[in-house]
Amino acid sequence: MFCIRFGREEPPKKKGKGNFIRRMTTLRRGAPSQGRSAMLQAALMGAGMGGNVRPHFTCHDSIKRHILYVYNIQRGSDKTLKKEKFEAFLKGTQGAFWIEPLTQESYSFQDFFWVWSQNEFAWSAVRRHEELDTSKPISNYFISSSHNTYLDGNQLSSNSTADAYREVLRSGCRCIEIDVWNNPNSRSSSRTPSKTPQMEHRRQFSSNSIPRIAAERLDALMSRHSRSPSAPQSAFSSLESKHSRSPSAAQTTFSTLETRESSTTLDPKDITGSRSRASSRSKEDKFNGEPVVHHHGTMTSIISFREVCIAVRESAFQKNHLPIIVSLEVGADKEHQEMMVQIMKEEWDGYLLDKPFDHIDQHTQQPKLNELFDKILIKVKRISDKQVEDEIERGRKLGISSIRAKPPITKPLADLAIYTHSEHFNDHQSLLTTRTPSHIFSLSEDCFHALAHDAAKIRTLLEHNRDFFMRIYPKGLRVDSSNPDPSFHWRRGVQMVAMNWQRTDEGMMINDAMFANTHGWVLKPPGLLSDDKVDVEDIPRRTLDLRITVLAGQAIPLPKDRRQLGGVGVMGDRKFRPMVKVELHVEKQKGGNQDLVKETVVAETDNPDWGYDSKALEFFEVKDVIEGLSFVRFKVEDSSSMRDNLLAWACIRLDRLQTGYRCIDLLSKTRRKTEHSKLLVKVEKVFRAETPRL
């Protein structure tokens, strides 16, 4: 078995204390009551657990009160906490196991908090992944995927920018989408056929509802990046080394791979304004006659295909050497397709997989994940001339003159789709008849839902997705860049659920929880793997009892329209009144009416305290739970606001949610990790025997 060990980035150097820190009660870092022994103990325990010692934690009184309450309960009538009781707390209440024994006979409160909070396995609510088994064929993994990656906002009028690719790739996305079209200033562009509803990636826009004026926005083009020179060849073991254009060998050790931060996101504010850097050259010269990227038939701006390829090269393998899949939506003609191939081979030299491996026949088998390190795989359709003629003829018979097929994919471009070629999905029979290992079906979420809710077809769907790829993209009505719930598709074996990273909503929060602290490839759970031949009804499911008590919070972000006075956000006569909603995301039961959304009472200030006797939020007798495909979402909301009341959030995969008293790091609305925003909760989680499905 070949595994990747996920390491952690070194914490940034601590900055000087700002106004926020002055308002906080800070536990002194280097002065436990018994000298440096507690610090040494925390370091030893961290080393024994893989070196996961947390950076310095700044604690507000709202949380510190509850930690002191826990300490007093554990020590009982003793003046300080005895070693035996401390061990019982860590192993029993917190469910932690320690390689290095506790070295002190007793622990003061300061020592207790230091040792506890500095070790992530005892303190954090999220259990981190340690290793990824990379020895499976590539269809055995869920892959973090993006839809219309080039956009920084809505699907109709937002900017197209190469920086969007940098953002998502650095955030762990491993399947990106590029829509490629003719250069609007080339002669052949006037002959480019329009999109057809019969094509694989249907946008579902009527031909006369959206003016095609994207070409008028050439002024918004970002200046083309010049190609950076090749860096010298580097080894995988040094991930901090300068990015190289030559791939490393697959056998290289991955012990120093750094995990992506789940908080990073595609934030439009972080994407530099490409229009402000538009070239002063004439429109005819901006793209050098090369293909362009944009959302065809909308008002989105245009960028060059080469610029996108440069952005991918610069960011794809900086700190992540797992492969990426480039899903190409091609509306370009033969001449521009030839240019696409040339550009990809130039810009992705050494990374682009442009021919099959000698030992892996693309017609009979898939490569394993560990055979594709530092590789770019192309997903593109293979359309014959006859198919094009058939589609044109079908349009004529329907009397719709605007239905014309896009140009056929040329052989040089189709030859790049080696282990990931796109194939048209006709109907349910396609799942039975298409057996080429490299094929990928792309379906809209609506089409997939129709299949998944058909009892006669769901079995075939699951069997197909155990061995072959499927990709789901948002329905065309999601012009606001909203997202579907990806877990619905994951539970049915879909490997790639293309998400609109431009928007933070329920679907994107769940997607972030699935791939948090990974490199964008997650092994499927038992029952969905290619070597699992169990029936759909036999996929392991259990009954869940979950109790979550929200105790306190700190540094909750205040709404923009409020100012802070003495720790209380005020707007007119309204005080800042936060509350926490906890939502359990599991498979919905037919006819079920379980309430899977609970909420706390309303608190006050940006450092809320719900008290020692805070009411527990209970989710009992939740049946048919697949632990690795279920999620718990925490939303901190402003109860005094009627709209846009989300302040901060966290989403955790159920099997990674640790029990005991736990600290949750909160993210902002743009999916950025805030330095001090946290919740302190108590988690009790019990799974009972598997429940057979009828």
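Only a predicted model underlies this, so the values are computations on that prediction, with no experimental measurement involved. We're numbering straight along the sequence, starting at 1. Atom set for the values below is all heavy atoms of this structure, side chains included, hydrogens, waters and symmetry mates excluded.
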Between [X] and [Y], which heavy-atom pair has the shortest distance, and what is it?
X    : Y    : value
V597 : F619 : N-CE2, 4.1 Å
L322 : F317 : O-CE2, 3.4 Å
R466 : L529 : CD-O, 3.4 Å
F121 : R662 : O-NH1, 3.0 Å
A498 : P474 : O-CD, 3.3 Å
N500 : M508 : O-SD, 4.1 Å

With rounding to the nearest 0.5 angstrom, report the [atom1] to [atom2] distance, [X] to [Y].
X    : Y    : atom1 : atom2 : answer
K345 : L352 : NZ    : CG    : 7.5 Å
N140 : L528 : CG    : CG    : 9.5 Å
M340 : L416 : CE    : CG    : 9.0 Å

Who passes side-chain hydrogen bond (donor to acceptor under 3.5 Å, both in side chains) against R127, sequence neighbours left out?
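Per chain and number, R127 pairs via side-chain hydrogen bond (donor to acceptor under 3.5 Å, both in side chains) with no residue.
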
For D545, side-chain hydrogen bond (donor to acceptor under 3.5 Å, both in side chains) partners two or more places apart
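Checked D545 against side-chain hydrogen bond (donor to acceptor under 3.5 Å, both in side chains); matches are R688.
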
Should [X] and [Y] count as side-chain neighbours, where that means a heavy-atom distance under 4.5 Å?
X    : Y    : value
I143 : F469 : yes
K673 : D665 : yes
I440 : E423 : no
Q658 : V126 : no
D415 : D354 : no
I548 : L546 : yes
V632 : C651 : no
I378 : L353 : no

Regarding [X] and [Y], does a basic nitrogen lie under 4.0 Å from an acidic carboxylate oxygen?
X    : Y    : result
E621 : K623 : yes
K598 : E618 : no
D531 : K136 : yes
D480 : R503 : yes
E177 : K379 : no
E445 : R478 : yes

For I510 and D485, run side-chain contact (heavy atoms from CB on, under 4.5 Å): C-alpha distance rounded to whole Å, both residues' side-chain angles, the deciding distance at 0.1 Å, then the answer.
CA-CA 7 Å; I510 293 173; D485 178 357; 3.5 Å; yes

Side chains of [X] and [Y]: do they bring a donor and an acceptor to under 3.5 Å?
X    : Y    : answer
Q155 : N148 : yes
S444 : D446 : no
D505 : S482 : no
H439 : H464 : yes
R170 : Q318 : yes
Q362 : S438 : no

Among V326, L328, I178, side chain to side chain contact (heavy atoms under 4.5 Å, CB included) partner for M344
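Output: one option passes, namely L328.
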
Under 3.5 Å, is there a donor-acceptor pair between the side chain of [X] and the main chain of [Y]?
X    : Y    : result
N320 : H519 : yes
H421 : A417 : no
R656 : A513 : yes
S171 : L169 : no
R541 : V625 : no
N154 : S481 : no
W348 : I376 : no
K524 : W490 : no
N465 : R492 : yes
E347 : C309 : no

Ring centres under 6.0 Å, that's the criterion: do H585 and F488 meet it?
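No.
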
Tell me if the centroids of the rings in H424 and F441 come within less than 6.0 Å of each other.
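No, the ring centres sit 6.0 Å or more apart.
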
My understanding is that only residues two or more places apart in sequence, or in another chain, count here; which of them pass ring-ring contact (aromatic ring centres under 6.0 Å, His included) with H359?
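Result, ring-ring contact (aromatic ring centres under 6.0 Å, His included) vs H359: F357.
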
In terms of ring plane angle, is the pair W521 and Y141 parallel, tilted or perpendicular, where the classes change at 30° and 60°?
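Answer is perpendicular, since the angle exceeds 60°.
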
Using the ring of F631 (Phe, Tyr or Trp, six-membered ring only), decide whether R653 places NZ or CZ under 6.0 Å from its centre and within 45 degrees of its axis.
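Negative - R653 is either too far from the ring of F631 or too far off its axis.
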
